[in-house]
Novice: 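First the structure, which I've put down as structure tokens, then a few questions once you've had a look.
All residue numbers in this chain count up from 1 along the given sequence. Every value quoted in this text rests on a predicted model; they were computed, and no experiment measured them. These values consider heavy atoms only, across backbone and side chains, with no hydrogens, waters or symmetry-generated copies.
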Amino acid sequence: MLFRLIGDDTDEVRIKWVKENLSDIPAGSNILDAGAGELKFKSDCDHLHYVAQDFGQYEGTGDEGLQTGEWDNARLDIVSDITDIPVHDESFEALLCTEVLEHIPDAVSALKEFSRILKPGGILLITAPFASLTHFAPYHFCGYNKYWYQYHLPKLGFDIEVLDHNGSWFHFVAQELRRSRFIGKMYSLKGVGLITRVVVIPILMLLTILSRFDRGSHEALCFGYMIRATKKN
């Protein structure tokens with residue numbers, strides 16, 4: 001194939017963004033990974049004083065939506081509600097919260113807590129889906145578009161420095177088409193593998209071509225947003 005078909009790089013784009021922004025945080029800074037789960041980005045914080053927090057209740061199992069099957073909470077430093085983290089005010093120079101907000105019933109209260117525990121000038125890194133399949137059920141509540149961040153972060157004392165989108169309408173549709181075989185087996189006909197592949201690949205090719213002429217379709221739909229903000233002095 002002469003070009004890479006779109007729709008399979010959601011995580012790749014987001015992880016690259018997080019790693020690059022973590023590397024820019026001054027060495028020796030205290031960073032809280034809020035909703036750290038299995039500490040995916042701990043190794044990218046070797047130049048920082050890293051603390052992992054999570055509510056520690058998800059176990060990877062369940063009958064609804066997408067589940068991980070296994071989940072290890074054993075390495076967390078702090079087990080608490082994300083809206084009430086037992087640390088002093090202005091304890092951290094940086095805070096990471098990646099793919100967590102959609103799992104919080106009251107995400108605005110979480111942002112308020114982030115503002116409390118960050119020092120003035122502190123760096124806040126957030127990624128969260130705008131649209132996604134149900135996952136980590138029953139701890140999955142909603143998604144967030146850019147207007148949510150633009151409304152709430154300034155009100156809570158943050159200046160938004162970077163607000164990047166991940167993917168586009170074309171990428172999102174391509175991703176879900178790629179999942180049609182998997183979702184078909186889960187929820188419909190189990191023997192759809194070959195048929196799905198034959199039908200989907202030409203459409204993926206068309207979406208890939210259309211995406212090269214994209215004129216801002218992410219404004220209608222994308223995977224999610226990636227935000228770097230600083231707490232106002």
Side-chain angles (χ1 to χ4, degrees), residues 6-25 31-37 40-41 65-66 82-83 94-118 121-136 139-177 179 207-208 210-233:
I6 61 173
D8 66 345
D9 63 347
T10 313
D11 290 341
E12 181 182 319
V13 171
R14 174 177 52 83
I15 290 170
K16 181 175 182 289
W17 187 94
V18 172
K19 287 176 178 285
E20 288 177 351
N21 278 272
L22 286 174
S23 69
D24 287 340
I25 297 174
I31 185 169
L32 178 70
D33 190 351
K40 184 172 186 176
F41 292 102
L66 305 183
I82 200 169
T83 65
L95 191 148
L96 172 67
C97 183
T98 180
E99 306 304 282
V100 175
L101 293 183
E102 73 271 27
H103 303 296
I104 304 171
D106 184 3
V108 174
S109 290
L111 293 185
K112 292 178 181 178
E113 184 71 346
F114 298 166
S115 180
R116 179 186 73 82
I117 64 181
L118 271 175
I123 299 168
L124 175 63
L125 301 178
I126 294 177
T127 75
F130 173 32
S132 66
L133 299 182
T134 299
H135 59 287
F136 285 37
Y139 308 108
H140 189 186
F141 301 100
C142 56
Y144 301 90
N145 64 20
K146 70 176 184 179
Y147 307 109
W148 188 86
Y149 299 105
Q150 290 172 338
Y151 178 82
H152 287 292
L153 285 173
K155 288 184 65 175
L156 295 172
F158 290 99
D159 288 321
I160 299 174
E161 296 182 343
V162 177
L163 199 161
D164 289 332
H165 66 274
N166 185 356
S168 68
W169 182 90
F170 300 103
H171 287 82
F172 187 89
V173 173
Q175 173 184 266
E176 297 313 308
L177 283 172
R179 286 174 168 166
L207 289 169
T208 300
L210 292 174
S211 71
R212 298 190 174 189
F213 302 93
D214 192 348
R215 299 194 303 272
S217 69
H218 66 274
E219 295 290 355
L221 182 63
C222 64
F223 300 127
Y225 289 90
M226 305 171 291
I227 296 92
R228 180 184 176 112
T230 56
K231 182 180 174 180
K232 298 175 183 178
N233 291 312

Novice: Without hydrogens or angle criteria, can the side chains of His135 and His103 be said to hold a donor-acceptor pair below 3.5 Å?
Specialist: yes
Novice: Kindly determine whether Leu32 and Ile117 satisfy side chain to side chain contact (heavy atoms under 4.5 Å, CB included), including the steps that lead there.
Specialist: CA-CA 9 Å; Leu32 178 70; Ile117 64 181; 3.4 Å; yes
Novice: Would you say Tyr149 and Ile126 make side-chain contact, with heavy atoms under 4.5 Å?
Specialist: yes
Novice: Can you name the residues that form a salt bridge (Lys or Arg N to Asp or Glu O under 4.0 Å) with Asp8, not counting sequence neighbours?
Specialist: Arg4
Novice: Shortest non-hydrogen contact from Phe170 to Leu210?
Specialist: CE2-CB, 3.6 Å
Novice: Going by the rule salt bridge (Lys or Arg N to Asp or Glu O under 4.0 Å), which residues pair with Glu102 if we only count those two or more places apart in sequence or in a different chain?
Specialist: none
Novice: Taking only residues two or more places apart in sequence, or in another chain, which ones meet Ala110 in a side chain to side chain contact (heavy atoms under 4.5 Å, CB included)?
Specialist: Ile82, Thr83, Ile104, Phe114
Novice: Mind checking salt bridge (Lys or Arg N to Asp or Glu O under 4.0 Å) for Arg228 and listing every partner two or more places apart, or none if nothing turns up?
Specialist: Glu161
Novice: Distance check, rounded to the nearest 0.5 Å: Ile227 atom CD1 versus Asp164 atom CG?
Specialist: 8.5 Å
Novice: If every non-hydrogen atom of Thr208 is compared with every non-hydrogen atom of Ile6, which pair is closest and at what distance?
Specialist: OG1-N, 3.1 Å
Novice: Of all residues at least two apart in sequence or in a different chain, which pass the salt bridge (Lys or Arg N to Asp or Glu O under 4.0 Å) check with Lys40?
Specialist: none
Novice: If you take all heavy atoms of Cys222 and Phe172, which pair is closest and at what distance?
Specialist: O-CD1, 4.2 Å
Novice: Kindly write out the residues that satisfy side chain to side chain contact (heavy atoms under 4.5 Å, CB included) with Thr134, not counting sequence neighbours, or none if the list is empty.
Specialist: Ala137, His140
Novice: Are Thr230 and Phe158 packed together at the side-chain level, in the sense that at least one heavy-atom pair is separated by less than 4.5 angstrom?
Specialist: no
Novice: Starting at CG of Leu111, measure out to CG of Leu156 and round the result to the nearest 0.5 Å.
Specialist: 6.0 Å
Novice: State, yes or no, whether a side-chain contact exists between Thr98 and Leu125 at a heavy-atom distance under 4.5 Å.
Specialist: no
Novice: List the steps and the verdict of salt bridge (Lys or Arg N to Asp or Glu O under 4.0 Å) for Glu20 and Lys16.
Specialist: CA-CA 6 Å; Glu20 288 177 351; Lys16 181 175 182 289; 2.6 Å; yes
Novice: Distance from Lys232 atom NZ to Ser115 atom OG, nearest 0.5 Å?
Specialist: 10.0 Å
Novice: If you measure from NZ on Lys155 to NZ on Lys112, what distance do you get to the nearest 0.5 Å?
Specialist: 8.5 Å
Novice: How long is the gap from CD1 on Ile160 to CG on Leu153, to the nearest 0.5 Å?
Specialist: 4.5 Å
Novice: Hey, are the side chains of Arg14 and Glu99 touching, using non-hydrogen atoms and a 4.5 Å cut-off?
Specialist: yes
Novice: Does atom CZ of Phe141 have more than 12 heavy-atom neighbours, drawn from other residues, nucleotides or ligands, at distances under 6.0 Å?
Specialist: yes
Novice: Using modelled atom types only, decide if a donor and an acceptor are shared between the side chain of Asp214 and the backbone of Ser217 within a distance under 3.5 Å.
Specialist: yes
Novice: Taking atom NE2 of His165 and atom CD of Glu219, what is their separation to the nearest 0.5 Å?
Specialist: 8.0 Å
Novice: Quick one, Phe223 and Gln175 - any side-chain contact, counting heavy atoms below 4.5 Å?
Specialist: yes
Novice: Mind listing the closest non-hydrogen atom pair of Val100 and Cys97 along with its distance?
Specialist: CB-SG, 3.6 Å
Novice: I'd like to know if the side chain of Asn145 and the backbone of Trp148 have a donor-acceptor N/O pair within less than 3.5 Å.
Specialist: yes
Novice: Determine whether a donor-acceptor pair (N or O, by modelled atom type, separation under 3.5 Å) exists between the side chain of Asn166 and the backbone of Thr10.
Specialist: yes
Novice: Apply side chain to side chain contact (heavy atoms under 4.5 Å, CB included) to Arg179 and Leu133, showing your working.
Specialist: CA-CA 10 Å; Arg179 286 174 168 166; Leu133 299 182; 3.3 Å; yes
Novice: Would you call Tyr225 and Thr127 a side-chain contact if the rule is heavy atoms closer than 4.5 Å?
Specialist: no
Novice: If you take all heavy atoms of His171 and Ser211, which pair is closest and at what distance?
Specialist: CE1-CB, 4.3 Å
Novice: State, yes or no, whether a side-chain contact exists between Ile31 and Leu95 at a heavy-atom distance under 4.5 Å.
Specialist: no
Novice: Could you check whether any side-chain heavy atom of Pro129 comes within less than 4.5 Å of a side-chain heavy atom of Tyr144, counting everything from C-beta outward?
Specialist: no
Novice: Is the backbone of Gly121 close enough, under 3.5 Å, to the side chain of Lys231 for a donor and an acceptor to pair up by distance?
Specialist: no
